[in-house]
Amino acid sequence: MLSIEAQYKYRMSDVLLSIVLLVLLYFRKVAGVYGNTGIALVAGPLLVAGLIILFKKHTIRELIIWLSLLAFVTINFVLSQWANQLMLVIVLWSLRDFPFRSIMKVYFGAMVAQFVYGFLFHFIWNPTAYSVTQTRQVSIESGWVSQTRYDLGYGHPNAMHLNMFTMVGLYIYLRKQLTIVEYVILLAINHGLYLIGGSRTGMISLNALIILMMLEQYFGIRKQIAKIMSFAPAFCLAISLWGAANVANVGWLSSLDEVLQSRISLAHINLDLNPDSLMGKTVNAPNGMGIDMGWLASWETLGMIFTIGLVIFNIIVLQKLYKYGEYKLFVFLFVFCFYEMIENITTDPFTNVSLFFVLVVMQTSAKAKLAKSGQEVDYAK
């Protein structure tokens with residue numbers, strides 16, 4: 001356990017390096033760099049994170065835990081050639097003591113700045129340069145239609161809506177309390193974004209997030225219900241694996257697959273071509289078409305051990321968030337688990353903001369232990 005001085009008093013160099021790390025990570029995301037590509041944009045954040053780690057004090061127990069995690073994800077990286085999980089552990093290690101709400105404020109500010117820039121200079125100035133016209137099935141009843149979708153410079157309409165999902169979730173979390181009118185306005189913004197980008201999964205997921213956060217604020221979440229909700233990650237992985245295995249044999253699943261642009265059947269093909277592995281592997285995707293479904297992409301690329309570990313990790317984080325009264329974050333992570341069933345956003349820091357939620361669990365737990373020992377603790381976040 002860290003001392004109060006090590007954990008809650010921050011040198012300006014620590015603060016500046018942490019902010020630099022967050023900004024570098026965000027620019028990596030804006031540049032659309034994922035996996036093991038863009039070495040400069042990957043090396044930058046890792047270098048800064050490494051400097052932060054070197055400046056910190058560690059107990060023997062902490063070093064054993066973090067180095068063990070680092071060794072595991074390094075082996076996983078070598079086998080899968082996918083760098084996200086390696087970056088995730090290093091980034092979480094480096095930011096473990098930086099106030100969680102400050103991290104979320106930096107994150108939120110960067111996202112708002114990018115959205116405003118994208119709206120002003122991409123959508124208003126030259127919208128056709130940031131659009132895609134494709135034939136897609138809008139609903140089961142409508143059949144296939146030609147549709148033009150705008151992305152505001154995010155690279156894809158689904159990515160645009162994912163960013164709005166994160167921005168809205170963080171806005172509600174940072175504000176703590178919203179009025180009914182504000183929630184209605186957020187729902188209207190979500191619908192407007194859907195008219196621009198046509199992301200069904202994004203629109204449905206964000207609607208669910210706004211409504212559930214509103215219900216939590218006004219009615220709360222019963223402990224028994226929260227206990228059931230905390231197992232959402234296991235349910236999402238199980239139903240994803242079942243769906244990919246049975247898409248050709250279940251009528252309603254085949255219809256849903258058409259609406260989802262063949263995501264489920266594509267996952268079925270990929271999983272058939274790439275047998276399950278324990279520790280991850282390089283994947284041979286047919287015609288370059290990988291899996292879009294997040295839990296299945298992790299299962300295929302990063303392996304069974306990592307994915308099951310990630311499920312257990314999310315279950316524990318959900319239970320701890322509820323225990324420590326972080327109900328908004330609890331709802332966010334719960335909805336995000338279902339969002340990940342459709343979008344491949346599982347392991348990349350700053351694409352999946354919920355990966356940072358473990359930090360508030362670690363910090364709150366450490367504060368509780370210090371307070372229990374009779375030491376004064378600064379609870380400001």
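Quick note: residue numbers are just sequence positions, from 1.
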Answer with yes or no after comparing the ring centroid distance for Tyr173 and Phe108 against a 6.0 Å cut-off, counting only values under it.
-> no
Can you check whether Phe330 and Tyr324 have ring centres sitting under 6.0 Å from each other?
-> no
Sequence-distant partners of Gln224, side-chain hydrogen bond (donor to acceptor under 3.5 Å, both in side chains), two or more places apart = none
Closest heavy-atom contact between [X] and [Y]?
| X | Y | value |
| --- | --- | --- |
| Phe332 | Val353 | CZ-CG1, 3.4 Å |
| Arg101 | Leu174 | NH2-O, 2.9 Å |
| Ile264 | Gly243 | CG2-O, 3.4 Å |
| Gly169 | Leu209 | CA-CD2, 3.8 Å |
| Leu79 | Gly280 | CB-O, 3.4 Å |
| Gln217 | Lys176 | OE1-O, 4.0 Å |

Is atom [atom1] of [X] surrounded by more than 12 heavy atoms (other residues, nucleotides or ligands) closer than 6.0 Å?
| X | atom1 | result |
| --- | --- | --- |
| Arg222 | CZ | no |
| Tyr327 | OH | yes |
| Leu63 | CG | yes |

Side-chain donor/acceptor of [X] to backbone N/O of [Y], under 3.5 Å:
| X | Y | answer |
| --- | --- | --- |
| Ser68 | Ile64 | yes |
| Asn76 | Phe72 | no |
| Arg263 | Met293 | no |
| Trp295 | Cys337 | yes |
| Ser205 | Gly202 | no |
| Gln319 | Lys227 | no |
| Gln363 | Phe98 | yes |

Residue pair Ile172, Val331: steps toward the side-chain contact (heavy atoms from CB on, under 4.5 Å) verdict = CA-CA 11 Å; Ile172 297 173; Val331 171; over 6 Å; no
Show your working on side-chain contact (heavy atoms from CB on, under 4.5 Å) between Val168 and Leu206 and close with a plain yes or no.
-> CA-CA 8 Å; Val168 170; Leu206 184 49; 3.8 Å; yes
Atom [atom1] of [X] and atom [atom2] of [Y]: how far apart are they, to the nearest 0.5 Å?
| X | Y | atom1 | atom2 | result |
| --- | --- | --- | --- | --- |
| Phe100 | Leu329 | CZ | CG | 5.0 Å |
| Lys328 | Leu321 | NZ | CG | 13.0 Å |
| Leu178 | Leu186 | CG | CG | 6.5 Å |
| Leu162 | Met167 | CG | CE | 10.0 Å |
| Leu318 | Lys323 | CG | NZ | 14.5 Å |
| Asn207 | Leu212 | CG | CG | 10.5 Å |

Apply the side chain to side chain contact (heavy atoms under 4.5 Å, CB included) test between Leu359 and each candidate in Val317, Thr364, Leu92; give the one that qualifies.
-> Leu92
Of Leu193, Ile204, Thr166, which meets side chain to side chain contact (heavy atoms under 4.5 Å, CB included) against His161?
-> Leu193
Determine whether Val181 and Met214 fall in the same hydrophobic cluster, where Ile, Leu, Val, Met, Phe, Trp and Tyr are linked whenever their side-chain heavy atoms lie under 4.5 Å apart.
-> yes
Joint hydrophobic cluster, Phe219 plus Met213, side-chain heavy atoms closer than 4.5 Å = yes
Are any of the side-chain heavy atoms of [X] and [Y] separated by less than 4.5 Å?
| X | Y | result |
| --- | --- | --- |
| Ile65 | Arg61 | yes |
| Leu69 | Trp93 | no |
| Leu256 | Val247 | no |

Solution key, residues 303-316 side-chain donor-acceptor pairs under 3.5 Å, sequence neighbours excluded:
residue: Thr307; atom: OG1; partner: Ser298; partner atom: O; Å: 3.1
residue: Thr307; atom: OG1; partner: Ser298; partner atom: OG; Å: 2.9
residue: Thr307; atom: OG1; partner: Trp299; partner atom: N; Å: 3.2
residue: Thr307; atom: OG1; partner: Gly303; partner atom: O; Å: 2.8
residue: Asn314; atom: ND2; partner: Leu310; partner atom: O; Å: 2.9

Residue pair Phe338, Thr201: steps toward the side-chain contact (heavy atoms from CB on, under 4.5 Å) verdict | CA-CA 10 Å; Phe338 288 89; Thr201 54; over 6 Å; no
Could you walk me through whether Ile180 and Tyr218 pass the side-chain contact (heavy atoms from CB on, under 4.5 Å) test, one step at a time?
-> CA-CA 10 Å; Ile180 293 291; Tyr218 287 98; 3.6 Å; yes
Taking the inter-plane angle between the rings of Phe336 and Phe165 on a 0 to 90° scale, is it parallel (under 30°), tilted (30 to 60°) or perpendicular (over 60°)?
-> tilted
